[in-house]
Amino acid sequence: MRRPVFALPSWLPLDGFILALVGTVGLAALLPARGAAATVADGGSTGAVALLFFLYGARLSTREALAGLRHWRLHLTVLACTFVVFPVLGLAARALVPAVLPPTLYTGLLFLCLVPSTVQSSIAFTSLARGNVAAAICAGSFSSLVGIVVTPLLAALVLHGNGGGGFSADSLLSIVCRLLLPFVAGQLLRRWIGGFIARHKKVLGLVDRGSILLVVYTAFSTGMVQGIWHQVSPLRLLCLLGVEAVLLTLMLTGTSYGAAKLGFPRADRIAITFAGSKKSLAAGLPMASVLFGAQAGLAVLPLMLFHQMQLMVCAVLAKRYAAQARAQAQAPADAGEPVHPGAAPRPEETTTAGQPS
């Protein structure tokens with residue numbers, strides 16, 4: 001059997017959506033929308049953002065969210081990591097301006113720290129690591145829901161005076177009209193359209209991603225036309241990657257050891273580690289288009305880089321957790337320790353059936 005000429009290592013997940021985003025950025029660099037085309041693209045982007053958050057609202061099961069409240073300590077921990085610890089670290093990074101990061105990239109880094117946690121990848125990595133998948137589902141959903149309100153409010157507090165001086169009451173009104181109202185409409189109509197949404201999940205997933213690609217194309221086209229990319233050198237981008245690597249390391253370490261100090265069992269610690277250390281590209285890109293307008297291109301660059309970095313690092317970490325769980329499960333058998341039929345399962349041996357991986 002012939003071996004492929006080139007294959008990525010199994011521990012290096014290169015998200016196909018990231019490749020599509022890179023291609024979209026390249027298209028915007030070569031063929032940016034100008035004049036009437038820019039007007040059409042901007043209008044389409046506005047509609048795409050509203051559609052995205054309408055679908056988010058229609059998908060979120062209120063009953064499941066309320067059922068997950070029994071894990072309130074876990075959810076509060078994840079929310080604190082996402083909307084308190086991350087922003088504090090982002091504000092501390094202000095000391096790196098301008099020696100390490102230019103103000104434009106720092107604004108994007110700070111915005112990254114305000115974005116809610118991701119849902120899908122947190123679930124997938126928690127499942128792979130044999131953690132509490134149900135808790136990861138609820139934690140990601142709560143973070144996304146809270147982020148629709150909290151992220152714009154935090155942006156109003158911290159971005160003004162940190163390179164985001166364009167943020168104003170008009171921006172808040174725009175957030176309400178383009179993000180919050182569509183989300184609420186989706187929740188209200190879920191009773192009638194929830195079945196349709198569930199039956200056409202794959203098709204609507206393509207609509208989601210297509211909408212985000214349109215937002216990215218519009219933002220980067222505007223940046224190309226205005227020449228903002230001349231403000232960033234390759235050395236500055238390398239510095240940004242280094243800063244984000246430190247940020248991700250601090251959050252992964254802090255969530256893991258912090259959850260242990262708070263007395264959470266192993267399965268919950270895994271869910272907290274993955275849900276509390278990651279940021280949502282799907283939620284952040286549309287929000288950035290509303291908050292930053294013409295400057296959204298540079299503002300979302302740190303988020304795009306961080307998203308791919310967190311996928312790569314968390315994939316390695318999840319496989320390590322899984323290997324530890326297998327080793328611990330085999331230890332009693334290898335030592336000849338009797339296993340009683342009525343014994344309670346270890347936390348690492350507990351899995352949630354039927355959950356997505």
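- Of the possible donor and acceptor atoms, none in the side chain of Arg266 sits under 3.5 Å from a partner among the backbone N and O of Gly131.
- A distance-only check finds a donor-acceptor pair linking the side chain of Arg73 to the backbone of Leu262 [under 3.5 Å].
- No donor-acceptor pair under 3.5 Å is formed between the side chain of Ser256 and the backbone N or O of Leu252.
- In this structure, the separation between CZ on Arg94 and OG1 on Thr107 is 8.5 Å, given to the nearest 0.5 Å.
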Exercise. Between Phe142 and Val78, is a side-chain contact (heavy atoms from CB on, under 4.5 Å) present by the stated rule, with each step listed?
Worked result: CA-CA 9 Å; Phe142 285 151; Val78 171; over 6 Å; no
For this session: Dump the intermediate steps for side-chain contact (heavy atoms from CB on, under 4.5 Å) on Leu55 and Ile197, then the final yes or no.
Result: CA-CA 8 Å; Leu55 292 175; Ile197 296 290; 3.8 Å; yes
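- With Ser117 contributing its side chain and Ala275 its backbone, the two residues share a donor-acceptor pair below 3.5 Å.
- Distance check, rounded to the nearest 0.5 Å: OG1 of Thr24 to CG of Leu213 gives 4.0 Å.
- In this structure the side chain of Pro302 reaches within 4.5 angstrom of the side chain of Glu244, judged on heavy atoms.
- Hydrophobic cluster membership differs between Phe264 and Leu317, with clusters built from Ile, Leu, Val, Met, Phe, Trp and Tyr side chains linked at under 4.5 angstrom.
- When side chains are defined from C-beta on, Leu237 counts as touching Leu301, because their heavy atoms get closer than 4.5 Å.
- Aromatic ring pairs are classed by plane angle as parallel below 30°, tilted from 30° to 60° and perpendicular above 60°; the pair Phe125 and Phe274 is tilted.
- Closest approach of Gly90 and Tyr106 over heavy atoms only: O-OH, 2.9 Å.
- Nearest approach of Leu110 to Leu91, heavy atoms of both residues: CD1-N, 3.9 Å.
- Between Leu114 atom CG and Leu154 atom CG the span is 5.5 Å, to the nearest 0.5 Å.
- Here Leu235 contributes atom CG and Leu240 contributes atom CG; the two are 11.5 Å apart, rounded to the nearest 0.5 Å.
- The cationic group of Lys279 does not satisfy the cation-pi geometry with Phe306, failing either the under 6.0 Å distance to the six-membered ring centre or the 45° limit from the ring axis.
- A donor-acceptor pair under 3.5 Å is absent between the side-chain atoms of Ser127 and the main chain of Ile123, judged by distance alone.
- Side-chain atoms of Val243 and Leu105, non-hydrogen and from C-beta on, never get closer than 4.5 Å to each other.
- Side-chain contact between Val25 and Val216 is present, with at least one heavy-atom pair separated by less than 4.5 Å.
- Heavy-atom minimum distance, His75 versus Cys138: CE1-CB, 3.4 Å.
- If you take CG on Leu74 and CD1 on Ile272, they are separated by 4.0 Å, rounding to the nearest 0.5 Å.
- Of all heavy-atom pairs between Leu79 and Ser143, the closest is CD2-CA, 3.9 Å.
- Residues Ala283 and Pro116 share a closest heavy-atom pair of CB-CG, 3.9 Å.
- In this structure, the side chains of Leu214 and Thr218 come closer than 4.5 Å at one or more pairs of heavy atoms.
- For Ser122, the side-chain hydrogen bond (donor to acceptor under 3.5 Å, both in side chains) criterion is met by Lys278, not counting sequence neighbours.
- Within the 4.5 Å cutoff, no side-chain heavy atoms of Asn132 are placed close to those of Ile270.
- Rounding to the nearest 0.5 Å gives a distance of 11.0 Å between CG of Leu112 and OG of Ser280.
- The two residues Thr151 and Met287 come nearest to each other via the heavy atoms CG2-SD, 3.6 Å.
- A donor-acceptor pair under 3.5 Å is formed between the side chain of Ser221 and the backbone N or O of Ala33.
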